[in-house]
Amino acid sequence: MSEFADVIRDIFYLFGDEFLFQLLVVGLLFLGCEKRSLFALRYIGCAVCMIGVEHGLLAIGREIVPWNYLIQACLVIVAVLICYRCDVVQAIFLGLCIYCLQHIVSTVSYSAIYALMLLGVPFDAYYIVMLVVLAIVLPLAYVLLARRVTDLSAWSFGYPSLIYTAVIFWVVAIFLTHYGQAASRASAVANICFRLISCFYALVTLALCFFNRNKKSLEQENTILRLLLEKDKQQYEQAKLNNEKIQVKYHDLKKWESQGILNYPEIAQGGMEGELINFLFFTGNRALDIILTEKAIQCEHAGIRFVCTADGKAIAFMRSYHIYSFIGNALDNAIESLQKLERAEERELVASIVRERDMCLIKVSNRTAAPIVFENGIPKTSKADAQNHGYGIKSMQNVVRFYGGEISFRSEGGLFTVLAVIPLPEEFRKSEE
């Protein structure tokens, strides 16, 4: 075992020491991120530079080791910028992840060897133990962490908090850990405890980084959804004005026809105004009439049969712009999907808005050209730029949840169905009794 350990140690020393070897190996976990051209050459070039710096710093003396760790941490960030498509903040995040994982590998390896030394195993076995720890930690790190970090461009962070977390980690992990470990070498038990605490600290740092990312992403997503809802409000106001013009024209035509001044059916069959009048809805809910009229015309132009059963009173409790936003998103998604079908007879959009006892049921069904892929019960967008799409579904979810309802998505036999079940407010339940 001693000879084998010596061979491993000599290999590590080619990198300067095991620290840089671990750092470079851990860095390979994130190959799923979007890489720059000539990635292999970039990575090798960065590795050679880091190895050269490591040998140069170690040649100066062991007392410079803490500064060596700090310098290499900065070089990791530079290497990430060179090898991957990301900005500085994203590079800091990825560099911190790499450094934290390396720190975990190192502390667990040292804790294990000191525990084995209590059982009489010589310290030379450390290099073998470290390889075993790498073989265990790396797959776990990939499954739990690295495979989730693929598209860095889609990740955003709170810049000040991320920098604060990174600086605090490196100061504590590099300087305090280094000197603390040096002071505790006289006791194997103290060393084990100190390193396990250091390992826990690295895990907490990783959790903070991901919490920072998730919180920032959620804030940005909510901002986008608010902007989309505001846009829906504006579109509703414009659609309401357009619908008013059609309603006035419709009223005038019906009045003139009743007075024998003109033949309404002939007018209704010709011209844009006549065409619009043919698709007017009268559900008892003005917002619903507006969006259904708008989408019925859109379906006609797209060669889609629009079959709709709608009771406007069933959603009278909903705000007008919520109706416009929810129904509009549901029908838009269906129309977009139906336009991809080659067979005209399959292009049928079926929508129903009805009341069932104390519940409002909103259902939209359409056939799809390809199977729908779901993630956590939600259909994934089929667009290539997934980062900037898929908000229509989330907007629909927000509207339904605003009224305490539930929404579900189902795809079966080539038929995709959206079903929203919303409880009626108490005052609306009583009004229908």
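Predicted, not measured: the structure shown is a model, and the values here were computed from it. Count residues from 1 along the sequence. Computed over heavy atoms, backbone and side chain alike; hydrogens, waters and symmetry mates excluded.
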Kindly write out the residues that satisfy side chain to side chain donor-acceptor pair (under 3.5 Å) with Ser106, not counting sequence neighbours, or none if the list is empty. none

With sequence neighbours left out, write down each residue that passes salt bridge (Lys or Arg N to Asp or Glu O under 4.0 Å) with Glu356, or none if nothing qualifies. none

Arg357: salt bridge (Lys or Arg N to Asp or Glu O under 4.0 Å) partners, not counting sequence neighbours: none

Taking side chain to side chain donor-acceptor pair (under 3.5 Å) as the definition, give me every residue that meets it alongside Gln397, ordered by chain and number, with sequence neighbours left out. none

Once side chain to side chain contact (heavy atoms under 4.5 Å, CB included) is applied, do any residues pair with Glu406, and if so which ones, sequence neighbours excluded? none

Who pairs with Ser365 by side chain to side chain contact (heavy atoms under 4.5 Å, CB included), at least two apart in sequence or on another chain? Lys363, Leu415, Thr417

When you compare the side chain of Asp311 with that of Ile353, does any pair of heavy atoms fall below 4.5 Å? no

Among residues at least two apart in sequence or on other chains, which ones pass side chain to side chain contact (heavy atoms under 4.5 Å, CB included) with Arg36? Arg42, Arg85

Any sub-3.5 Å donor-acceptor pair from Ser337's side-chain atoms to Asn333's backbone N or O? no

I would like to know whether Ile98 and Val80 meet side-chain contact (heavy atoms from CB on, under 4.5 Å); could you show each step before the answer? CA-CA 10 Å; Ile98 293 172; Val80 170; 4.3 Å; yes

Restricting to ring-ring contact (aromatic ring centres under 6.0 Å, His included), what partner residues turn up for Tyr110, sequence neighbours left out? Tyr126

Taken in chain and number order and not counting sequence neighbours, the residues that satisfy side chain to side chain donor-acceptor pair (under 3.5 Å) with Glu342 are none

List in chain and number order the residues that pass side chain to side chain contact (heavy atoms under 4.5 Å, CB included) with Ser408, two or more places apart in sequence or in another chain; answer none if no residue qualifies. Leu419

Contacts of type side chain to side chain donor-acceptor pair (under 3.5 Å), residue Tyr403, not counting sequence neighbours: His322

Hey, does Leu341 have a side-chain heavy atom less than 4.5 Å from the side chain of Leu338? yes

